> 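Please read through the structure below; I'll follow up with questions.
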Protein chains: 2
Amino acid sequence: MLAIGTLAKRTGTKVQTIRYYEQIGLLPEPGRTEGGQRRYGNADLDRLAFIRHARQLGFTLEAIRELLNLSDNPPRSCAEVDVIAHRQLKEVEARIARLEALRTELKRMLRECSRETISDCRVLEVLRDHGACLADHQTGA
Amino acid sequence: MLAIGTLAKRTGTKVQTIRYYEQIGLLPEPGRTEGGQRRYGNADLDRLAFIRHARQLGFTLEAIRELLNLSDNPPRSCAEVDVIAHRQLKEVEARIARLEALRTELKRMLRECSRETISDCRVLEVLRDHGACLADHQTGA
DNA sequence: GCTTGAACCTCTACCTACTGTAGCTTGTAG
DNA sequence: CTACAAGCTACAGTAGGTAGAGGTTCAAGC
Ligand SMILES: [Zn+2]
Ligand SMILES: [Zn+2]
Ligand SMILES: [Zn+2]
Ligand SMILES: [Zn+2]
């Protein structure tokens, strides 16, 4: 049985984060020592490793919750799993597209700036007026 | 003089967001009517438009605060402005790099999945084991 | 001049995904 | 048996807003 600090080290998670996952019901309540300290088994280790890896791939905790539920029903079709992963892929692609537009515009601003005074700084000029901006960044976060 | 709702419409901002910017000191406290309602002038309109545009380009509110301070000193050099914009560019580029690694891995997971049962779903398999993962996604957010 | 209702006001709580701190208790090595 | 690291709970805070309750004000139509 592992103490929370050991589990934390093994999975690269902070102790508080583990307690937080328990609090929101993502990790089951573990057994406790007589003194009230949490003790974890290998199933907990696997589950936490899964959660952390999915987080690293950008899945939200809600998506991870769904993936864990599905994962507990081995004979079922994996179509739903793939839908979640596909949704995540689309999300990532949308963010990339948006960030690339920002990169282009930031580069252009910096390239065009004469690097003299504030009053003729191209960066500020573009920020003041989207008309001077070629980026198409109307849409959300 | 503009009421807060008009200012909101003109800048594509929610009313609550404008009050929030005031609360954190990003917008100055505006004049009020006898009844206590906020009334804005053109300087406020410009300032808010600047803030929203910078937000759309991904600058943090802290960076925007610095940019606004600098913007109030027209004779100074714009070097500091460019440093902030450059920092933002680096930030955006780092996020793109990370998201591209995620995209690659998500695509691969989905491509390799047989789309049969949960027990042999490649997506879940990769999530369970980073060893089965080609992505280099150890590093931060 | 009066009424109506949209828009305004303040205050508080909530969102994601954690992270940090205070003040106290438990486990374990020497 | 004593230190003290590591555990415990509870609460506050982060960014950047968003939503709602419950009450007031402004302005247009009659
Ligand atoms: Zn400049
Ligand atoms: Zn623009
Ligand atoms: Zn699958
Ligand atoms: Zn991986």
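Throughout, protein chains are lettered first and strands after them, A, B, ... in sequence-line order, and every chain is numbered starting at 1. This structure is a prediction, so every number in the text was calculated from the model and none was measured.
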> Is there a side-chain contact between A:Arg19 and the phosphate of D:dG7, meaning an N or O under 4.0 Å from OP1 or OP2?
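So the side chain of A:Arg19 is outside the cut-off, no N or O lying under 4.0 Å from OP1 or OP2 of D:dG7.
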
> Answer yes or no: is there an ion pair linking A:Glu29 with A:Arg38, defined by an N-O contact shorter than 4.0 Å?
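Salt bridge flag = no for A:Arg38 with A:Glu29.
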
> Which whole-number value in Å describes the distance from A:Phe59 CZ to C:dT16 P?
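The distance from CZ of A:Phe59 to P of C:dT16 comes to 18 Å, rounded to the nearest Å.
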
> Let me spell it out: for each of A:Gln16 and A:Glu34, pick the nucleotide of DNA chain C with the closest heavy atom. Which residue's pick is nearer the 5' end?
A:Gln16

> Does the side chain of A:Arg39 get closer than 4.0 angstrom to OP1 or OP2 of D:dG7 through an N or O atom?
no

> Take atom CD of B:Glu62 and atom P of D:dG16, then tell me their distance rounded to the nearest Å.
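After rounding, the gap between these two atoms is 8 Å.
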
> Rounding to an integer number of Å, can you tell me how far A:Glu22 CD sits from D:dG7 C1'?
13 Å

> Assess, by modelled atom type and distance only, whether the side chains of A:Arg10 and A:Tyr40 contain a donor and an acceptor separated by less than 3.5 Å.
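No - no donor-acceptor pair under 3.5 Å links their side chains.
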
> Give a yes/no answer on whether the side chain of A:Tyr21 brings an N or O atom under 4.0 Å of OP1 or OP2 in C:dC18.
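A:Tyr21 to C:dC18 OP1/OP2: side-chain N or O found under 4.0 Å.
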
> It should be established whether A:Lys14 places a side-chain nitrogen or oxygen under 4.0 Å from OP1 or OP2 of nucleotide C:dG20.
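For C:dG20, OP1/OP2 do have a side-chain N/O of A:Lys14 under 4.0 Å.
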
> Would you mind reporting whether B:Arg39 and B:Pro30 have side-chain heavy atoms less than 4.5 Å apart?
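No. Closest side-chain heavy atoms not under 4.5 Å.
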
> Between P on C:dT28 and CD on A:Gln37, what's the gap in Å once rounded to a whole number?
8 Å

> Tell me the interatomic distance from A:Gln56, atom CD, to C:dC18, atom C1', rounded to whole angstroms.
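Between C1' of C:dC18 and CD of A:Gln56: 15 Å.
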
> Taking 4.0 Å as the cut-off, does a side-chain nitrogen or oxygen of A:Arg65 come that near to OP1 or OP2 on C:dT16?
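No, A:Arg65 has no side-chain N/O under 4.0 Å of OP1/OP2 on C:dT16.
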
> Describe the nucleic acid contact of B:Ile4 in one word from base, sugar-phosphate, nothing, applying a heavy-atom distance below 4.0 Å.
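The answer is sugar-phosphate, as B:Ile4 gets under 4.0 Å only of primed atoms, P, OP1 or OP2.
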
> Applying a 4.0 Å non-hydrogen cut-off, can you work out what A:Arg38 is touching in the nucleic acid: base, sugar-phosphate, or nothing?
sugar-phosphate

> Among C:dA17, D:dT9, C:dT10, which nucleotide has an atom closest to any side-chain atom of A:Arg32?
D:dT9

> C:dT16 P sits how many Å from A:Ile64 CD1, rounded?
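Going from A:Ile64 (CD1) to C:dT16 (P), I get 13 Å.
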
> If I take atom CG in residue A:Leu2 and atom C1' in nucleotide C:dG27, what distance separates them, rounded to the nearest angstrom?
16 Å

> Quick test of your reading of the model: are B:Glu125 and B:Arg128 salt-bridged, counting only N-O distances below 4.0 Å?
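Answer for the salt bridge query: no.
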
> Would you indicate, yes or no, if C:dG27 has its OP1 or OP2 atom less than 4.0 angstrom from a side-chain nitrogen or oxygen of A:Thr33?
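So the side-chain polar atoms of A:Thr33 do come within 4.0 Å of the phosphate oxygens OP1 or OP2 of C:dG27, strictly under.
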
> Salt-bridged, A:Arg108 to A:Glu112, with N to O below 4.0 Å?
yes

> Once you round it to whole Å, what is the distance between C1' of C:dT10 and OH of B:Tyr20?
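So the two atoms are 17 Å apart, to the nearest Å.
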
> Judged by each residue's nearest nucleotide on DNA chain C, which is more toward the 5′ side, B:Gln23 or A:Arg52?
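By nearest-heavy-atom nucleotide position, the 5'-most residue is B:Gln23.
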
> Using only side-chain N and O atoms of A:Thr17, determine if any of them is under 4.0 Å from OP1 or OP2 of C:dA17.
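For C:dA17, OP1/OP2 do not have a side-chain N/O of A:Thr17 under 4.0 Å.
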
